[in-house]
Amino acid sequence: MNDFSIRLKDQPPIEIQAEAMTALDALRHLKAKAIDRVIAVKVNGTACDLSYNIATQAVLEPIYMDSKEGLEILRHSTSHVMAMAVKELFPEAKVTIGPAIQDGFYYDFDYERPFKEEDLPKIEEKMEEIIKADLFYVRKDMSSQKAIDFFKSLGEQYKVELIQDLGAETVSVYTQGGFTDLCRGPHVPSTGRIKAFHLTKVAGAYWRGDEKKAMLSRIYGVAFADRKELKEHLMRLEEAKKRNHVKLGPQLGLFNTYDEIGAGMIVWHPNGSMLRHVLEDFEIREHLKRGYELAKGPEILKTDLWKKSGHFENYRENMYFTMIDEQSYGIKPMNCLSHMLIYGSEIRSYRDLPKRYFELGTVHRHERSGVLHGLFRVREFTQDDAHIICTPEQLNGEIKAVLDFVKDVMAIFGFSYELEISTRPAKSIGTDEDWDLATNALKNAMADNNLIYEVNEGDGAFYGPKIDVKLSDALGRKWQCATIQCDFTLPERFDLVYIGKDGQKHRPVMIHRVILGAIERFIGVLIEHYAGAFPVWLAPVQAIILTVTDRNNEFGERLKKTLEETDIRVKADLRNEKLSLKVREAQLQKIPYMLIVGDRETEKQGATPRKRDGQNLSFATAEEIVSMIANECKTRR
RNA sequence: GCCACCGUAGCUCAGUCGGUAGAGCACCUCACUCGUAAUGAGGAUGUCUGCGGUUCGAUUCCGCACGGUGGCUCCA
């Protein structure tokens, strides 16, 4: 017998006399509420199975099925059921890894052929059988050597590799029915606890994320605490599809792609070109306000210059080259080189710094065909790019200013975002000291602005570390937009200098930065964010005049001219059609204001506005309409 | 680039177990002059993504290419 105390978190302890007791019994003893919805438990802060044996003092915290942690456990357990089902249906398949992810789980298998969509129903059926059998998840700890021998005997070489790489004394395995998997746990008590899952898709995935290693076959699924939540999740996905910019873009006359032009190349139709113009105009104003100067370099530059900068060595696979008069030229994948030459064209004093060159620079990058996607990944795009060349002392302040710039701009669009710092990659140039200096400069600026960020080791640009700003699309996928990159190397390679107070030459540092990132990608995110219904200040068409009969067309055209003169982006629908049809079409185009002009309005020389949300306003004169729209633009809502 | 799926009229989609295709909307014509999400009638519309192969015959089967979607890897 053994004396110890157990208690629920935030409850007084209870003394226990027993050899040991399972966590589940302990929870019952402590009268934890809704015990049937508890699927695991935290014992002294560590997540454990309900079958975990408690033999010392313990603080318990039940984990409920529908909590964040509970769902993660449930999803992980579901992935084990899937692995078991796959092994039963395809005994030759080798298991690898199968974690829980956002909304669900996946499991990677190595099989003689990749799995196909049509395999999924069979696997689901088998999973239902396993769930119905309500098999217990039984945990067993064993020495790594024993586990290696065990998985070797099964021919599961991937598991053997995993255990060997773990390098731990002991590992744990979980068995349900005849299926045993290496796993840290915890799990739900038995397979019967899985109530709602669905296998969604198959995909290829490299073993350990390394494209030089074997291509495995991945099966994705989603799992929820109950059927209702699963259904809601699938509904949400349907809703998200309606925001898809790849669909909305062509529908709203924003852009299109053409097979005959090529993959990853966007053609901007009039509405999209107008939207770009508005954004770019906004950007130029915001940059001028913050002490940037405009610059503009050519699209193609001599290959020798790309060799000097290190792009040829480090970025060649992503570049396009061409010959002109027997000279090799590279089409620019980045805008920095011209800016470097601009800086170097004059003697610079410390008094001139920082120099901030801004360019809406169009770049071409050879992205691999499989990664192209709508506006999010293209081969030609325009960056709102700037290069800040400053003294090392100014670096911190400049980075902070850029972070503020990002904050201001994202607030205007109503975006929330995540920050990430990326450090030195394997393929890179420069000294370790410079990399440390640059990385610390970024970290310090983040700390000074009280920003929370994640660190992404080895993911920096080849010339320096960076801060990335990530926005989400309708499906919750993250896309890098703004980025701030420190660079000590290019100033060195281009021998950029400034004359210091001491009359000596000194080396400046450089920041590469974008705020929106790529205009294309940013517009893609914008479309999904607003579901195509842009606020008035951005809307390519802000108002459309809808005449009731062709008696009203003459005044309709006059009104259009009047509005155009005040820079309102206005169209007129003068077709001989019913008003309701014109309203419907304007509504589908998500135009913010419809201006109805019938006999009454013609007589009174104005229009009756109808807003995109269906709200009808009362009669307004041209001047009233102008000030209404202008005000809305000013507040950018 | 790799894995899976997909590609029929401008759009959304049907169809052909191999015998050269169809609907709705859009488009054009005519009538209606109309008040807030589809007026009616008539008409035209396709190298069934492309190129090869199998076949008497391919939009359908096979291969390759091009393009797209979802992942992996990569990246703004």
Side-chain angles (χ1 to χ4, degrees), chain A residues 106 108 113-120 200-220 241 244 246-247 250-251 256-265 315 317-318 333-334 361 363 365-379 381-385 422 425 459 461 466 468-471 475 477 479-483 485 512-522 524-525 546-553 576-588 594-601 608-611 614-616:
Chain A
Y106 68 78
D108 287 347
R113 65 159 175 90
F115 291 116
K116 297 177 181 174
E117 303 268 337
E118 62 196 49
D119 295 322
L120 299 185
T200 52
K201 58 199 173 194
V202 294
Y206 299 106
W207 170 234
R208 309 209 122 178
D210 183 345
E211 63 180 322
K212 290 185 194 71
K213 296 205 164 101
M215 171 62 74
L216 306 173
S217 186
R218 174 174 297 180
I219 302 175
Y220 282 94
K241 273 192 200 158
N244 185 352
V246 179
K247 278 268 189 249
Q251 274 168 24
N256 217 329
T257 55
Y258 296 85
D259 293 5
E260 51 272 60
I261 285 182
M265 308 286 187
Y315 205 72
E317 303 77 43
N318 290 293
M334 298 184 195
V363 297
R365 296 185 185 175
H366 177 76
E367 299 291 344
R368 300 209 267 182
S369 60
V371 306
L372 300 175
H373 173 57
L375 292 179
F376 289 154
R377 277 304 282 286
V378 292
R379 285 184 172 152
F381 56 99
T382 300
Q383 295 179 302
D384 60 333
D385 203 1
S422 296
D459 212 28
K466 56 177 188 167
D468 288 330
V469 175
K470 303 209 166 183
L471 302 180
L475 289 173
R477 293 175 296 200
W479 297 95
Q480 181 187 321
C481 289
T483 178
Q485 313 179 342
H512 309 241
R513 44 103 290 180
V514 290
I515 304 295
L516 306 184
I519 304 289
E520 283 73 5
R521 177 178 290 180
F522 191 78
V525 178
L546 307 181
T547 50
V548 178
T549 82
D550 46 17
R551 280 196 304 281
N552 314 122
N553 283 358
N576 180 15
E577 292 290 352
K578 288 204 182 323
L579 181 62
S580 55
L581 180 88
K582 296 184 181 185
V583 168
R584 175 184 154 79
E585 292 189 353
Q587 196 79 45
L588 291 173
M594 288 162 232
L595 304 173
I596 314 295
V597 174
D599 290 340
R600 296 198 293 272
E601 290 81 3
T608 304
R610 172 194 160 110
K611 294 180 82 167
Q615 192 190 346
N616 285 309

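Proteins get letters first, then strands, A, B, ... in listed order; numbering begins at 1 in each.
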- Which nucleotide in the set B/G35, B/A38, B/C3 lies at the smallest distance from any side-chain heavy atom of A/D599? B/G35
- Message: Do A/K201 and A/Y220 form a cation-pi contact, if we require the NZ or CZ to be under 6.0 Å from the six-membered ring centre and within 45 degrees of the ring's axis?
- Response: yes
- Message: What is the distance, to the nearest angstrom, from the NZ atom on A/K582 to the P atom on B/C32?
- Response: 17 Å
- Opposite nucleotide pairing with B/C5, Watson-Crick or G-U, both atom distances under 3.5 Å: B/G68
- Item | Atom-to-atom span, CD of A/E577 to C1' of B/G40 - whole angstrom | 11 Å
- Query: For A/Q587, which contact category applies under a 4.0 Å heavy-atom criterion: base, sugar-phosphate, or nothing?
  - Reply: base
- Query: Between the base of B/G1 and the side chain of A/E317, is there a donor-acceptor distance below 3.5 Å?
  - Reply: no
- Message: Taking the minimum atom-to-atom distance to the side chain of A/V548, which one of B/U12, B/U33, B/G35 wins?
- Response: B/G35
- Query: Say you pick atom C1' in B/C13 and the same atom in B/U8; how far apart are they, in whole Å?
  - Reply: 9 Å
- Task: Identify whether any heavy atom of A/I596 sits under 4.0 Å from a base atom; if not, whether one sits that close to sugar-phosphate; answer base, sugar-phosphate or nothing.
- Result: base
- Query: Are the side chain of A/S217 and the backbone N or O of A/F115 linked by a donor-acceptor pair below 3.5 Å?
  - Reply: yes
- Query: How does each nucleotide of nucleotides 68-75 of chain B score, in 5' to 3' order, for protein heavy atoms under 4.0 Å: base (B), sugar-phosphate only (S), or none (-)?
  - Reply: SSBBBBBB
- Pairwise 5' ranking along RNA chain B for A/Y258 and A/E118, keeping only the more 5' one: A/E118
- Task: Assign each of A/L588 and A/Q383 to its nearest nucleotide of RNA chain B by heavy atoms, then name whichever residue's nucleotide is nearer the 5' end.
- Result: A/L588
- Nearest-Å distance, CG (A/N616) to P (B/G35)? 14 Å
- Among A/R379, A/M334, A/R377, find the one that has a side chain to side chain contact (heavy atoms under 4.5 Å, CB included) with A/R365. A/M334
- Item | A/D468 with A/K466: basic N within carboxylate O range, under 4.0 Å | yes
